[in-house]
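Below you'll find the structure, written out as C-alpha cells, and then a few comments.
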Amino acid sequence: AAEVALEHSKERGRNNICFFSPVLHEQTLSRYRINSFLHQALEREEFTLVYQPQVCLRSGTLLGVEALIRWDSPELGRVAPDDFIPVAEDTGLIESIGAWVLDQSARDAADWLAQGLVLKMSVNFSARQFQRTEVADQVLRALQTYRLPADQFVVELTETSFLHSAERTEHEICRLRNQGVRIAIDDFGTGYSSLSYIRQMSLDMLKIDRSFVSGVQAGSTDARLVQAMIDMSHAMELIVVAEGIENEQDLRVLHELGCDQAQGYHIARPMRAEELVKWAEHYQANALLSPDDSAQL
Ligand code: C2E
Ligand code: MG
Ligand code: MG
Ligand code: MG
C-alpha cells in the first residue's frame, strides 16, 4: 500500500501533496526509538559480545575470532548491529560503545589466554572512532592492561573509513601497526576502494564481503571476481579472509581459489565467550574439509 501511495504521488507530479508512507514512518520511528533507548544501554548493561571463529582454509585450524556486538533491549528486543551502529555513529555514542567493545573483547581474550587458548581477536571499528578518539592509544592501553600480545589483535575497518579524515586514520593505523597490531579491511568489494589507496595503506588482511562468497558457484563470474581479489591481495602480501561461508560448496570453492582464511555459519555461528571455549575444545580441524578433501591435502 505504501508503494502504491508513493507511485501515485510521483505520477501526480511534484506540486502535489506528498503521501506519507507508512514504511518510511516505521523506519524513522524505529531510528528515533533506537536512539532514545541506546543512550541508556551501556549503563544498563544491555550489550554483550559474541565471537565467531576464523579458521585456516588449508588446515582447518582455528586461528581466531571476530567480536560482534549484540544489543538486547528490554523495550525493543534484540536490535541488529546494522540497525543501531549507524545511529550510534551519528550521535557519537559509538565512542563509548566502541570503548566498551574494546575493553570487553580484550578481557575475554586475556581470559582465554589464561586457559591456554591462543586466539587472534578481531574487533570492528567505525570510521568515527578513528576521527574523534585517539584510537591507537586506546587499543595499546587495552593490550597493556590485559597483557595481550599486539600481534594477536586485529582492527577491522571498512573501505569507507579511509575516505573520512584519511590522514588521521592513516596516522592512527601506522601507530598501531608499528606496535604490531594487525589491520584488516572489512567488507571488501562493497565500498569505494581504489587500488592505489589499498596499495599505499599499511594493511595486513583483507576480508572479502560475504555478498561475493555466499552461494558462489565454481567457474561463475563471481568466482572469477573472488579469484581476482585473492590474487590482488596476495600480490600485495595481504592475508585474505572470506566471510559468509554458508555451506560446503562455499568452503570448497574458496579453498580451491586459494583463499587463506574463512569465517561463516557453515564453520560456526557467533557465540558467547564461555560457549566458544567449549566449541574450541571439541572442534576438529581435519573434519572441516571432507575426508576426500583431506586425503589430497
Ligand atoms: P561485519 O564486521 O562484516 O561482520 C560480519 C557479519 O556477518 C556479522 O553480522 C555476522 O554475524 C554475519 N555473518 C557471519 N557469518 C555469516 C554467514 O555465513 N552468513 C551470513 N548471512 N552472515 C554471516 P552482525 O553480527 O549482525 O554484524 C553486522 C555488522 O555490524 C558487522 O559486519 C559490523 O560492521 C557491525 N558490527 C558488529 N559488531 C560491531 C562492533 O562491536 N563495533 C562496530 N563498530 N561495528 C560492529
Ligand atoms: Mg568485521
Ligand atoms: Mg565484514
Ligand atoms: Mg559487514
Side-chain angles (χ1 to χ4, degrees), residues 34 38 41-42 46-55 64-72 78-109 120-133 135 138-139 142 153-161 164 169 182-191 193 203-216 229 240-251 253-254 259 261-273 276 288:
I34 284 171
L38 197 57
L42 254 186
E46 293 167 7
F47 294 119
T48 46
L49 288 182
V50 287
Y51 297 98
Q52 186 175 38
Q54 296 174 328
V55 302
V65 294
E66 176 177 7
L68 297 159
I69 196 167
R70 294 292 175 262
W71 177 26
D72 290 295
R78 162 126 338 160
V79 187
D82 280 328
D83 291 329
F84 74 84
I85 293 288
V87 179
E89 285 170 346
D90 287 352
T91 57
L93 270 174
I94 191 65
E95 289 175 39
S96 47
I97 296 175
W100 177 83
V101 169
L102 175 60
D103 184 78
Q104 189 59 49
S105 59
R107 190 187 297 249
D108 285 337
K120 245 191 190 96
M121 175 63 76
S122 294
V123 175
N124 293 286
F125 284 78
S126 294
R128 172 121 188 202
Q129 286 174 267
F130 271 82
Q131 286 164 42
R132 300 280 306 273
T133 42
V135 177
Q138 227 178 27
V139 171
F153 196 86
V154 184
V155 166
E156 292 195 7
L157 270 166
T158 58
E159 298 158 87
T160 20
S161 304
H164 314 288
T169 305
R182 317 282 169 161
I183 312 293
I185 197 147
D186 203 355
D187 301 345
F188 183 77
T190 60
S193 44
L203 301 169
D204 301 277
M205 309 170 90
L206 184 146
K207 299 185 77 175
I208 302 176
D209 190 70
R210 68 162 185 263
S211 57
F212 299 97
V213 174
S214 307
V216 67
M229 293 184 207
V240 199
V241 186
E243 48 176 42
I245 299 280
E246 290 187 345
N247 55 50
E248 182 73 43
Q249 181 183 272
D250 296 346
L251 185 79
V253 172
L254 269 294
C259 186
Q261 301 179 10
Q263 190 183 335
Y265 295 164
H266 179 67
I267 299 155
R269 297 223 165 217
M271 48 200 139
R272 301 288 298 268
L276 181 96
L288 182 67

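All ligand and atom numbering here is 1-based and tracks the order in the structure.
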Practice task
Select one of side chain, backbone, both or neither to describe which atoms of D187 lie under 4.0 Å from any atom of ligand 1, heavy atoms only.
Solution key: side chain

Practice task
For ligand 1, note which part of Q263 has a heavy atom under 4.0 Å away: side chain, backbone, both or neither.
Solution key: neither

Fill in the blank from the handout: Taken to the nearest 0.5 Å, the spacing of T190 OG1 from I208 CD1 works out to 12.0 Å

Problem - Heavy-atom donor-acceptor pair, R128 side chain to E89 backbone, under 3.5 Å - result: yes

Practice task
For the Mg ion (ligand 3), find the closest N/O/S atom belonging to D187 and write down its atom name.
Solution key: OD1

Problem - Region of L68 engaging ligand 1 - heavy atom pairs below 4.0 Å - result: both

Exercise for the section: Measure T158 to ligand 1 on non-hydrogen atoms and call it side chain, backbone, both or neither using the 4.0 Å cut-off. Expected result: neither

Fill in the blank from the handout: ligand 1 atoms nearer than 4.0 angstrom to some heavy atom of V101 are 41 (O)

Problem - Numbering as shown, the atoms of ligand 1 that approach E246 to under 4.0 Å (heavy-atom distance) - result: 17 (C), 18 (O), 19 (N), 20 (C), 21 (N)

Practice task
Could you tell me whether the side chains of Q54 and Q263 share a donor-acceptor contact shorter than 3.5 Å?
Solution key: yes

Problem - Option set S122, G215, A127, P81, criterion heavy-atom distance to atom 24 (P) of ligand 1, minimum - result: P81

Exercise for the section: For residues F153 and S122, determine if any side-chain heavy atom of one lies less than 4.5 Å from a side-chain heavy atom of the other. Expected result: no

Exercise for the section: Select one of side chain, backbone, both or neither to describe which atoms of E243 lie under 4.0 Å from any atom of ligand 1, heavy atoms only. Expected result: side chain

Practice task
Pick one of side chain, backbone, both or neither for how H266 approaches ligand 1, counting any non-hydrogen atom pair under 4.0 Å.
Solution key: neither

Exercise for the section: Below 4.0 angstrom from a heavy atom of D82, which ligand 1 atoms are there? Numbered from 1 as shown, please. Expected result: 28 (C), 29 (C), 30 (O)

Exercise for the section: Taking all non-hydrogen atoms of both residues into account, name the closest pair between L49 and I69 and its distance. Expected result: CD2-CA, 3.7 Å

Exercise for the section: Using distance alone, decide if ligand 1 has a nitrogen or oxygen within less than 3.5 Å of any nitrogen or oxygen in Y265. Expected result: yes

Completion exercise
Smallest heavy-atom separation, V123 atom then S105 atom, equals CG2-OG, 3.4 Å

Exercise for the section: Tell me whether E243 has at least one N, O or S atom under 2.8 Å from the Mg ion (ligand 2). Expected result: no

Practice task
Identify the heavy atoms of I245 and A262 that sit nearest to each other, and give their distance.
Solution key: CG1-CB, 3.8 Å

Fill in the blank from the handout: For Q52, the ligand 1 atoms with a heavy-atom partner under 4.0 Å come out as 14 (C), 15 (N)

Handout entry: Electrostatic pair K207-E66, nearest N-O below 4.0 angstrom
Key = yes

Practice task
Say whether, by atom type as modelled, one donor and one acceptor occur between the side chain of Q129 and the main chain of S126 under 3.5 angstrom.
Solution key: yes

Fill in the blank from the handout: Looking at E66, the N/O/S atom that lies nearest to the Mg ion (ligand 2) is called OE2

Handout entry: Among the N, O or S atoms of D186, the one nearest the Mg ion (ligand 2)
Key = OD2

Practice task
For the residue pair F47 and W71, categorise the inter-ring angle as parallel (less than 30°), tilted (30 to 60°) or perpendicular (more than 60°).
Solution key: tilted

Exercise for the section: Using a strict 4.0 Å cut-off to heavy atoms of G244, name the atoms of ligand 1 that fall inside it. Expected result: 17 (C), 18 (O)

Problem - Within reach of ligand 1, part of P270 (heavy-atom separation under 4.0 Å) - result: side chain

Exercise for the section: Examine all N, O or S atoms of N124, backbone included, and report whether one is under 2.8 Å from the Mg ion (ligand 2). Expected result: yes

Handout entry: Separation between CD of E159 and CZ of F188, rounded to the nearest 0.5 Å
Key = 5.5 Å

Problem - S126-ligand 1 polar pair, N/O distance under 3.5 Å - result: yes

Exercise for the section: May I ask whether E89 has any heavy atom positioned less than 4.0 angstrom from an atom of ligand 1? Expected result: no

Exercise for the section: Say whether, by atom type as modelled, one donor and one acceptor occur between the side chain of D204 and the main chain of I183 under 3.5 angstrom. Expected result: yes

Exercise for the section: Take every heavy atom of R70, measure it against each atom of ligand 1, and state whether any distance is under 4.0 Å. Expected result: yes

Exercise for the section: Might you point out which heavy atoms bring D250 and S214 nearest each other, and give the distance in Å? Expected result: OD2-CA, 3.5 Å

Problem - Nitrogen or oxygen of I69 less than 3.5 angstrom from that of ligand 1 - result: yes

Problem - Name of whichever N/O/S atom of E156 is nearest to the Mg ion (ligand 2) - result: OE1

Exercise for the section: With the side chain counted from C-beta on, respond yes when M205 and V154 share a heavy-atom pair under 4.5 Å apart, and no when they do not. Expected result: yes

